Student: 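Following this message is one structure expressed as structure tokens.
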Amino acid sequence: MYKCRVRAYGFITPDYDNYSDHYYEKIKKKVHFYANHDFRLEMQLWQKLNDEGIVKLYQGPSEDRETTG
């Protein structure tokens, strides 16, 4: 199997409320949910892909996940 390294930005995370609506914004703006985009389902899919080893998500330092998870 061929492996490649890809960096993707701007996907929603469980702690989305700590961040601005868009990763590139310099001033924090509240995340808005829209009927035509299921952010919660997207978040679950990324987590499932990570859990199955298909992708590797950076989720912050491991000690952060242990205390908040």
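Keep in mind that the numbers below use all heavy atoms, side chains included, and drop hydrogens, waters and symmetry copies. Note that the structure is predicted; figures quoted are calculated from it, not measured.
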Student: Could you give the distance from NE2 (His22) to NZ (Lys28), rounded to the nearest 0.5 Å?
Tutor: 14.0 Å

Student: If you take all heavy atoms of Ile27 and Ser20, which pair is closest and at what distance?
Tutor: O-OG, 3.4 Å

Student: Do other residues, nucleotides or ligands put more than 12 heavy atoms under 6.0 Å from Lys30 NZ?
Tutor: no

Student: Let me confirm one number: the CD1-CG distance from Ile12 to Leu41, rounded to the nearest 0.5 Å.
Tutor: 11.5 Å

Student: Would you indicate whether the side-chain heavy atoms of Tyr16 and Arg40 approach each other to under 4.5 Å?
Tutor: yes

Student: In this structure, would Trp46 and Ile54 fall into the same cluster of hydrophobic residues linked by side-chain contacts under 4.5 Å?
Tutor: yes

Student: In the structure I gave you, are the side-chain heavy atoms of Phe39 and Val31 within less than 4.5 Å of one another anywhere?
Tutor: no

Student: Report the relative orientation of the aromatic rings in His32 and Tyr34; use parallel for angles under 30°, tilted for 30 to 60°, perpendicular for over 60°.
Tutor: tilted

Student: About how many Å separate NZ of Lys56 and CG of Leu49, when rounded to the nearest 0.5 Å?
Tutor: 15.5 Å

